[in-house]
2 protein chains.
Amino acid sequence: MTTTAARPLPRGTDRRHERRRQTIEEIVDVAVAVMRENGAAGLSLGEVARRVGIRTPSLYVYFASKNALYDAVFARGWQQLLDTMDAARAELGQPTDLTDYLTTAAETIVRWAVDNATSAQLMFWRPVPDYEPAPDAYAPAVRMLERSRESFLQVEAAGLFRPGVDVDEALRTWTVLTSGVFTQQMANAPHEPFETGRFTTAIPRVVEMYVAVYGRPATPARGGRSHADQR
Amino acid sequence: MTTTAARPLPRGTDRRHERRRQTIEEIVDVAVAVMRENGAAGLSLGEVARRVGIRTPSLYVYFASKNALYDAVFARGWQQLLDTMDAARAELGQPTDLTDYLTTAAETIVRWAVDNATSAQLMFWRPVPDYEPAPDAYAPAVRMLERSRESFLQVEAAGLFRPGVDVDEALRTWTVLTSGVFTQQMANAPHEPFETGRFTTAIPRVVEMYVAVYGRPATPARGGRSHADQR
DNA sequence: GTCTATATGACGATAGAC
DNA sequence: GTCTATCGTCATATAGAC
């Protein structure tokens, strides 16, 4: 476990390139399955090779080390989460209501994390000794954060935040909420599905809290009802 | 790694009993140190024995298995956190102001978690494959939750919650916030101290959110200011 | 690219002498 | 209670034949 760089591609035809890509995908799939059963730190190259149907040394044709395989899982997880969030945002369109917008965002990210708990633990926690993501593997995570920031800037431009809000601080607080829901659900009731999880179902309450502080105060309707009456 | 039960105490004088207790304490101390360096899942009995100055088999005189040692770390962590919280509550006395009360509570728990990050990861996350706390080890954690619940009931009795609040739901939401702050701080900036952590310093903001939803609405002063103007 | 064979070493846990 | 000796298993990683 000394090198972490990915193996350089061998030269060859596009067919060979494509075949290699598929094999790598399969190995990563199997690696996630093994991590799901044995914990993120319980990944074993021997077990991966056994399930893929090759011998352990053959894995080194595709991954330079065990950490390189972790990197692949880490990077693919962030890329998938990023794609999922992009799809959700595309469906939502321009933000018009803060509560709706944030509820969808929280549900999307926490649902993905619960459904992909193994990858999520590697991404959100630091459970594996001696594994630190390589810069290449980090890239999709950085893109994810940048995209979230752009999204929050749109929310601000739409006038949905309280005037004067620090967008970066608002984003940081937001990550506290989503990671708190995920962490509590995973650590205390990992087998509950998203729909009925004792913490995932608290998302509306969490969003309500967030909007109360960061949202633009509602212009009081006749009668002066405050948001406090929304429940 | 088959049995998880603790070794029964051998009969003997009180002196032998005391000596044994000290040895166990030392082993747990060293185990935490090893986990701090190698990650929670990187605990090695050989390394522990080496540092304690005995051979590996001698560890089995005090702990029936590796998981039993994890149990000791887990239980001692919760007991320490429980003691720390009790001390903080004793100093606070009866709750009179919700914001003050919760800020102190959050700061106490998160500060302890950041200062004892290794134990806290074992307690709040599930980083170790094949380790599930034994019921005995869970006992202090259960006591901690019960104590927190009693504390929240006092807060309700003092009229600091919004009328009609579900105390258990309020408690669950509260744990989401504290674990979110801890998780984000540990996963993203583990070396920042509590005082200047980019997430620990967000505790006042998090409490503000919580109070906005669960706190008793301020009786509007002359002019009808809502809590939204508190910032 | 895949294989056999192997280097090299950790690990947790047990048996039994002292 | 501590030790030596050892079991059995598994791991990551490399060398070199095919």
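Per chain, numbering begins at 1; letters A, B, ... match sequence-line order.
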Are Trp78(B) and Val73(B) side-chain neighbours, meaning at least one heavy-atom pair lies under 4.5 Å?
-> no
Starting at atom CG of Leu69(A), determine the distance to atom P of dT12(D), rounded to an integer number of angstrom.
-> 10 Å
Gln22(B) CD to dG1(D) C1', in whole Å, measures 16 Å
Restricting to nitrogen or oxygen on both sides, can you table the protein-nucleotides 9-11 of chain C pairs closer than 3.5 Å?
{"from": "dC11(C)", "atom 1": "OP1", "to": "Ser44(B)", "atom 2": "OG", "distance (Å)": "2.7"}

Regarding the side chain of Tyr60(B), the nearest nucleotide among dT14(D), dC3(C), dG12(C) is dG12(C)
Classify the ring geometry between Trp125(B) and Phe182(B) as parallel (under 30°), tilted (30 to 60°) or perpendicular (over 60°).
-> tilted
Could you work out which one of dG1(C), dG1(D), dT12(D) sits closest to the side chain of Val61(A)?
-> dG1(C)
Inspect the contact between Glu169(A) and Arg172(A) and indicate whether a charged nitrogen and a carboxylate oxygen are less than 4.0 angstrom apart.
-> no
Those residues that, when tested against Asn188(B), pass side chain to side chain contact (heavy atoms under 4.5 Å, CB included) (two or more places apart) = Gln184(B), Phe199(B)
Starting from C1' on dG12(C), measure out to OH on Tyr70(B) and report it in whole angstrom.
-> 12 Å
Are the side chain of Thr23(A) and the backbone of Arg19(A) linked by a donor-acceptor contact shorter than 3.5 Å?
-> yes
Can any side-chain N or O of Glu107(A) pair as donor or acceptor with the backbone N or O of Arg111(A) at less than 3.5 Å?
-> no
Gap between atoms CZ and P, on Arg21(B) and dG1(D) respectively (whole Å) | 14 Å
Distance, rounded to the nearest Å, where Arg55(A) contributes CZ and dG16(D) contributes C1' | 17 Å
Could you label the plane-to-plane angle of the Trp174(B) and Phe152(B) rings as parallel, tilted or perpendicular, counting under 30° as parallel and over 60° as perpendicular?
-> tilted
Within less than 4.0 Å of OP1 or OP2 of dG1(C), is there a side-chain N or O belonging to Ser58(A)?
-> no
When you measure from the side chain of Gln185(A) to the backbone N and O of Ala189(A), does any donor-acceptor pair fall under 3.5 Å?
-> yes
Nearest-neighbour nucleotide for the Pro57(A) side chain, dA15(D), dT2(C), dG1(D) considered | dA15(D)
Distance, rounded to the nearest Å, where Glu26(A) contributes CD and dT2(C) contributes P = 11 Å
pair Asn38(B)-Ser44(B): side-chain heavy atoms closer than 4.5 Å = no
Residues of residues 27-39 of chain A with a heavy atom under 4.0 Å from any atom of DNA chain C, listed by number, are none
